[in-house]
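Heads up, the thing below is written out as C-alpha cells.
All chains are named by letter (A, B, ...) in the order of the sequence lines, taking the proteins before the strands, and each is independently numbered beginning at 1.
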There are 2 protein chains.
Amino acid sequence: MSDHPTIAVVEDEPAIAAAVATRLRAEGFNVHIAVDGPSGVALVEQLQPDLVVLDLMLPGFDGIEVCRRIQSDRHVPVIMLTARGNESDLVLGLGAGADDYITKPFSPRALVARIHAVLRRAHAAPGSGRLRHRGVELDTSGRTGTHDGVAVHLTVTEFDLAAWFLRHPGVVFTREQLLQSVWGYPDGSGERTVDSHIQAVRRKLGPDFVRTVHGVGYGLGQ
Amino acid sequence: MSDHPTIAVVEDEPAIAAAVATRLRAEGFNVHIAVDGPSGVALVEQLQPDLVVLDLMLPGFDGIEVCRRIQSDRHVPVIMLTARGNESDLVLGLGAGADDYITKPFSPRALVARIHAVLRRAHAAPGSGRLRHRGVELDTSGRTGTHDGVAVHLTVTEFDLAAWFLRHPGVVFTREQLLQSVWGYPDGSGERTVDSHIQAVRRKLGPDFVRTVHGVGYGLGQ
DNA sequence: TCCTTCTTTGATCAATCTGTGAACTTGGTT
DNA sequence: AACCAAGTTCACAGATTGATCAAAGAAGGA
C-alpha cells in the first residue's frame with residue numbers, strides 16, 4: 001500500500017462498479033467493491049477506507065441505511081450516487097451523513113474531482129495527520145515516525161502496517177486480514193511476510209508496539 | 001440498524017412460511033424466505049439478517065446443520081421452530097447455537113414476542129464486540145478479557161469457550177455439544193478436554209463464571 | 001546498466017497451547 | 001455409611017504457532 005487512499009465502492013450494478021473501479025485505480029486509488037448493503041457495511045468496517053462511494057439504491061438495504069451504519073462509530077467520508085436528481089433522496093442522503101453526492105449518469109472525471117475535493121476537506125480536518133500511541137508518533141502526511149522522540153526511518157510497508165494498527169486500536173487482525181487490508185493482496189500470500197514486517201516494526205517502534213495473539217494474529221499493543 | 005430489522009425465515013412448509021412472513025411483515029419486519037437448508041445458509045450469508053427463524057426439520061440438511069454453518073463466522077440470533085416438544089431436539093437446537101425456540105403449533109403472536117425478546121438481547125451489545133457478565137468482560141475484537149477489572153490472558157480456546165457461554169446465557173451444554181460448537185469437532189473427542197479448559201477459564205475468570213450441572217454439562221454461572 | 005534498498009520467502013529453532021490419562025475429590029443414591 | 005458415577009485437578013508429550021535469520025527476488029534511482 002502507499003499514500004494512495006483506499007476507497008470502498010458499494011454498487012450493485014456490475015457495469016458501473018467496474019467502470020468506477022477501473023477509473024479510480026487508474027487515478028492511483030486503492031479500490032474495493034461490495035455489491036449490496038450488508039456486504040458494503042462489512043467491507044467498510046473491515047477495510048476502514050479513506051472514502052466510500054455509495055449507491056443510494058441497493059439490494060439488502062439501501063444506501064442511506066448503509067451510510068447510517070457506517071457512520072455509527074466514526075466518520076468516514078461518503079459520496080452518494082443517486083439515480084436521479086431527486087431532491088428528497090438527496091436530502092436524506094446528506095442527512096444520513098453523506099459528504100457529497102453525484103447524480104447518475106455521471107462522468108468518471110466528475111466523480112474523481114468530487115473524491116479529491118472530499119478527501120481534501122477530510123484531510124484538512126484536525127488530527128488527520130498525526131497518529132499517536134505510547135511513545136510512538138506517526139505523521140501520515142510526511143510518512144515519518146518517531147519512537148520516544150527519536151526519529152526512525154520506516155519503509156513504506158512498515159509505515160502502513162504501523163499506521164493500520166494505530167488506526168484500529170484494540171482490534172486484532174489475522175495475517176490474512178492484514179495482507180488484504182494493508183498490502184491489498186487477494187489472499188493466499190505468504191504469511192511469513194507479515195511476520196517479517198512485524199519484526200521490523202517492533203525493532204523500530206519498540207517490542208510492545210505490536211501485540212501477538214497466539215493462534216490469531218496481531219494487534220496494537222495495549 | 002433501522003427500526004425495521006431484517007429477518008430470514010427458513011421453513012419448507014409453504015403455508016407456515018407464508019403465514020409467518022405475513023405476520024412479521026405486518027409487524028414491520030423485513031422478511032425473506034428460504035425453503036431448504038442449503039438455500040437457507042446462502043440466504044443468511046447473503047442477507048446478513050438481524051435474526052433467523054429456522055425450522056428444525058428441513059430438506060437438504062436439517063436446521064441444526066444450518067444453525068451451525070450460520071454461526072461459523074459470527075453470531076446471528078436464531079429462533080428454532082421445533083415440530084414437537086421433544087426435549088432432546090430442544091437441547092440439540094440450543095446446543096447448536098440457537099438463542100430461543102418455539103414448538104409447533106405456535107401462535108404468530110408468540111413468535112413475534114420471542115423475536116422482540118431475542119433482538120433486544122442481541123442489541124444490548126450491538127456489534128460493539130463487548131460481552132459482559134458479572135465481573136467478567138470480553139472484548140471480541142481484541143480478544144482480551146478482564147476479571148473484576150484486571151486484564152487476564154486467555155488462550156484462543158479459553159476465549160472462545162467463555163464467549164460462547166456469554167452469548168448463550170442460561171443455557172446448559174453437554175460436553176459433546178461444546179466440542180461441536182466451540183471446537184468444531186465432529187464428535188467422539190475426549191471429554192476431558194472440555195473439563196481442562198473449563199478449569200482454565202474458571203481459574204482466570206473466577207470459579208463461578210461457569211456453572212456445573214451434574215450429569216448434564218456446563219452453563220454460564222447465574 | 002549497476003547498485004542500493006526493500007520485500008518476500010523458506011528453513012530452523014523457540015515458545016506456547018492443546019489434548020489426554022490417571023489420580024483424586026465431590027455429589028448423589030441405596 | 002458405603003458405594004458408584006461424575007467432576008476436578010494435574011502433569012506432560014505432541015502438535016501448533018511464532019520468532020528469527022539468511023538469502024533470493026523485485027523495485028527504483030544514479
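Taking atom CZ of residue B:R203 and atom C1' of nucleotide D:dT8, one finds them 12 Å apart after rounding to whole Å. Taking atom NE2 of residue B:H197 and atom P of nucleotide C:dT18, one finds them 5 Å apart after rounding to whole Å. In this structure, NZ of A:K204 is placed 11 Å from C1' of C:dT5, rounded to the nearest angstrom. Spacing between atom CG of B:D195 and atom P of C:dC24 amounts to 18 Å, rounded to whole angstrom units. Between the CD1 atom of B:I198 and the P atom of C:dT18 there is a distance of 14 Å, given to the nearest Å. Between the CD atom of B:E191 and the P atom of D:dT9 there is a distance of 18 Å, rounded to whole Å. Here the C1' atom of nucleotide C:dC17 and the CG atom of B:L154 are 13 Å apart, to the nearest Å. To the nearest angstrom, C1' of C:dC6 lies 14 Å from CZ of A:R143.
Here the side chain of A:R192 is nearest to one of C:dT9, C:dT18, C:dT7, namely C:dT9. For A:Q199, whose side chain is taken as the heavy atoms from C-beta onward, the closest listed nucleotide among C:dG27, D:dT8, D:dT20 is D:dT20. Picking from C:dG28, D:dT9, C:dC17 the nucleotide with the shortest atom distance to the side chain of B:H214 gives C:dG28. Each of C:dT18, D:dG7, C:dT8 was ranked by its minimum atom distance to the side chain of B:Y218; first place goes to D:dG7.
Here the options are B:W183, B:Y218, B:W164, the test is ring-ring contact (aromatic ring centres under 6.0 Å, His included), and the partner is B:F173; only B:W164 passes. For the side chain to side chain donor-acceptor pair (under 3.5 Å) test with A:E158, the passing option among A:K204, A:R203, A:H153 is A:K204; the others fail.
Phosphate contact (OP1/OP2 of C:dT7, side-chain N/O of A:T193, threshold under 4.0 Å): absent. A:W183 has a side-chain polar atom (N or O) that falls below the 4.0 Å cut-off from OP1 or OP2 of C:dT8. A:H153 has a side-chain polar atom (N or O) that falls below the 4.0 Å cut-off from OP1 or OP2 of C:dC6. Contact between the side-chain N/O atoms of B:R175 and the OP1/OP2 oxygens of D:dG7 is found at a separation under 4.0 Å.
With hydrogens and angles left out, the side-chain atoms of B:T140 and B:R167 include no donor and acceptor closer than 3.5 Å. In this structure, a donor-acceptor pair under 3.5 Å is absent between the side chains of B:T144 and A:R211.
Applying the 3.5 Å distance criterion, the base of D:dT8 shares no donor-acceptor pair with the side chain of B:T212. Between the side chain of A:T155 and the base of C:dT7, no donor-acceptor pair of N or O atoms lies under 3.5 Å.
Counting any heavy atom pair closer than 4.0 Å across all strands shown, B:R202 reaches sugar-phosphate atoms only and no base atom. Contact annotation for B:S196: base contact, defined as any heavy-atom pair under 4.0 Å involving a base atom.
Annotation: side chain of B:I198 is not in contact with side chain of B:T212 (no heavy-atom distance under 4.5 Å).
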